[in-house]
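Some notes on the structure that comes next.
Throughout, a chain's letter reflects where its sequence line sits, starting with A, and its residues are numbered from 1.
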Number of protein chains: 2
Amino acid sequence: MTVRIDETDRKILAELQRDAGQSLEEIATAVGSSKTPVWNRIRKLREAGVIGQQTVILDAEALGFEATFFVLIRTSAHEADWQRQFLKALQERPEVQEAHRLAGDIDYILKVRVRNARAYDAFYQALISEVRVHNVTALLSMEEIKSTTMLPLDG
Amino acid sequence: MTVRIDETDRKILAELQRDAGQSLEEIATAVGSSKTPVWNRIRKLREAGVIGQQTVILDAEALGFEATFFVLIRTSAHEADWQRQFLKALQERPEVQEAHRLAGDIDYILKVRVRNARAYDAFYQALISEVRVHNVTALLSMEEIKSTTMLPLDG
DNA sequence: GCTGAAAACTTGGGACA
DNA sequence: TGTCCCAAGTTTTCAGC
């Protein structure tokens with residue numbers, strides 16, 4: 001499960017994060033190695049699960065997803081059964097882009113991407129009808145200042 | 001700037017989101033078309049900026065990024081100059097994966113990914129020394145329940 | 001705006017230092 | 001482990017429908 005990752009692996013991962021569409025040769029040049037060794041490292045990192053999904057970042061606004069909400073949830077129900085149901089509800093709803101269980105006062109935070117405020121309300125009503133929650137605060141994003149999936153691997 | 005996107009475009013985008021490493025032929029089959037038309041559509045969508053960065057999702061924990069914080073920021077400074085400086089600070093810090101300006105009571109939310117709690121503290125100290133903020137609440141993630149960049153394009 | 005095919009490039013793997 | 005090289009497959013362009 002744990003993989004030993006050296007400097008070259010880290011450089012390869014940084015290149016792949018930056019642009020996964022590059023040819024093997026470009027990556028090899030960028031990291032100062034050549035095709036076969038780079039290819040073997042990539043294969044190993046993929047097998048180890050360090051490299052996951054290869055995807056494309058789409059322009060959410062251009063596709064009509066104009067509202068992003070961060071939802072802070074407090075609950076009084078802490079039983080295993082409630083939690084299982086809540087997790088299942090989140091996994092099933094594609095408008096939930098992120099969900100984290102938190103330490104402290106607030107129990108969960110969600111990032112919810114929807115077409116408009118009405119679509120958020122529909123989501124909210126569906127959620128609270130499926131699972132009991134104690135208190136919900138929705139924070140509406142006015143402007144996405146920054147959004148990246150890149151990890152800083154160069155340090 | 002605005003592109004007309006039809007059903008076929010939407011299917012292509014959904015396929016690319018799901019797996020950007022597929023061959024043109026696989027995508028063409030999946031959407032019920034053939035290589036050349038699919039290729040022309042992809043090119044147009046790329047030019048229009050609907051398709052952005054092509055990347056790879058890495059396993060943050062395997063790479064030693066073990067702490068995620070959501071940071072809620074209230075400020076009393078609403079001058080353009082302060083805002084410019086704050087935005088610049090966020091853009092420059094690679095540990096900030098998301099930053100949104102919010103409507104209402106809380107002014108900004110950040111998602112910050114760091115190696116450990118000490119690294120978060122270093123980030124926090126650096127941030128408050130660069131820009132004046134009124135009130136900061138950090139929410140520590142205990143568990144990433146869900147994380148995706150995919151938009152639900154099938155509806 | 002599609003089909004089909006040709007040209008250029010890329011991948012994935014084998015033989016060898 | 002890395003370098004060189006090849007066959008198979010893929011991308012990109014283009015003429016014709």
Side-chain angles (χ1 to χ4, degrees), chain A residues 1-64 148-151 153-155, chain B residues 1-59 62-64 148-151 153-155:
Chain A
M1 183 73 231
T2 310
V3 216
R4 235 185 112 355
I5 288 158
D6 68 10
E7 199 44 38
T8 306
D9 290 325
R10 224 173 291 119
K11 282 190 200 160
I12 293 170
L13 294 172
E15 281 301 316
L16 285 174
Q17 277 196 116
R18 201 176 57 70
D19 178 4
Q22 287 172 99
S23 77
L24 203 51
E25 195 154 12
E26 287 173 295
I27 297 167
T29 307
V31 307
S33 180
S34 56
K35 289 182 342 178
T36 311
V38 171
W39 193 79
N40 284 317
R41 281 161 184 271
I42 291 174
R43 195 168 43 70
K44 259 181 222 141
L45 290 164
R46 238 197 277 276
E47 274 164 20
V50 177
I51 298 175
Q53 199 195 13
Q54 183 172 336
T55 191
V56 117
I57 305 300
L58 303 179
D59 182 335
E61 301 233 327
L63 294 163
T148 181
T149 58
M150 301 226 291
L151 300 170
L153 295 170
D154 3 331
Chain B
M1 181 74 228
T2 309
V3 218
R4 236 185 111 352
I5 288 159
D6 68 9
E7 197 46 38
T8 305
D9 290 325
R10 224 172 289 122
K11 281 190 201 160
I12 292 169
L13 294 172
E15 281 301 316
L16 285 174
Q17 278 198 115
R18 200 176 58 71
D19 178 4
Q22 288 173 96
S23 79
L24 201 52
E25 195 153 14
E26 287 174 293
I27 297 168
T29 307
V31 307
S33 181
S34 55
K35 287 182 346 179
T36 311
V38 171
W39 193 80
N40 283 317
R41 282 161 183 271
I42 291 175
R43 193 170 43 70
K44 258 180 224 143
L45 290 164
R46 238 197 278 274
E47 273 164 20
V50 178
I51 297 175
Q53 196 195 16
Q54 183 172 332
T55 191
V56 116
I57 304 300
L58 302 180
D59 181 334
L63 294 163
T148 181
T149 57
M150 302 226 289
L151 300 170
L153 296 169
D154 1 332

- Select base, sugar-phosphate, or nothing to describe what A:Thr36 touches, counting heavy atoms under 4.0 Å on all strands. base
- A:Ser34 side chain N/O closer than 4.0 Å to the phosphate oxygens (OP1, OP2) of D:dT3? yes
- B:Thr148 versus B:Gln17: any side-chain heavy-atom pair under 4.5 Å? no
- Note on the structure: To the nearest angstrom, the NZ-P distance between A:Lys35 and C:dG12 comes to 11 Å
- Salt bridge present between B:Glu15 and B:Arg18 (N-O < 4.0 angstrom): yes
- Query: Expressed in angstrom and rounded to an integer, what is the separation of A:Lys44 atom NZ from C:dG12 atom P?
  - Reply: 16 Å
- Item | Distance in angstrom units between A:Leu24 CG and D:dC5 P, rounded | 17 Å
- When rounded to whole Å, the CD to C1' distance for the pair A:Glu47 and C:dG12 reads 14 Å
- Query: A:Gln54 CD to C:dT11 P: how many Å, rounded?
  - Reply: 11 Å
- Message: Rounded to whole Å, how long is the line connecting atom CZ of A:Arg41 with atom P of C:dG12?
- Response: 17 Å
- Calculate the interatomic distance between A:Glu25 atom CD and D:dC6 atom C1'; express it in whole Å. 15 Å
- Answer yes or no: is there an ion pair linking A:Lys11 with A:Glu7, defined by an N-O contact shorter than 4.0 Å? no
- Query: Hey, does B:Trp39 reach any base, or is it just sugar-phosphate, or nothing, if we go heavy atoms under 4.0 Å?
  - Reply: base
- Message: Can you measure B:Arg4 atom CZ to C:dG1 atom P for me and round it to whole angstrom units?
- Response: 11 Å
- Task: Could you tell me whether the side chain of B:Leu58 reaches within less than 4.5 Å of the side chain of A:Ile51, counting heavy atoms only?
- Result: yes
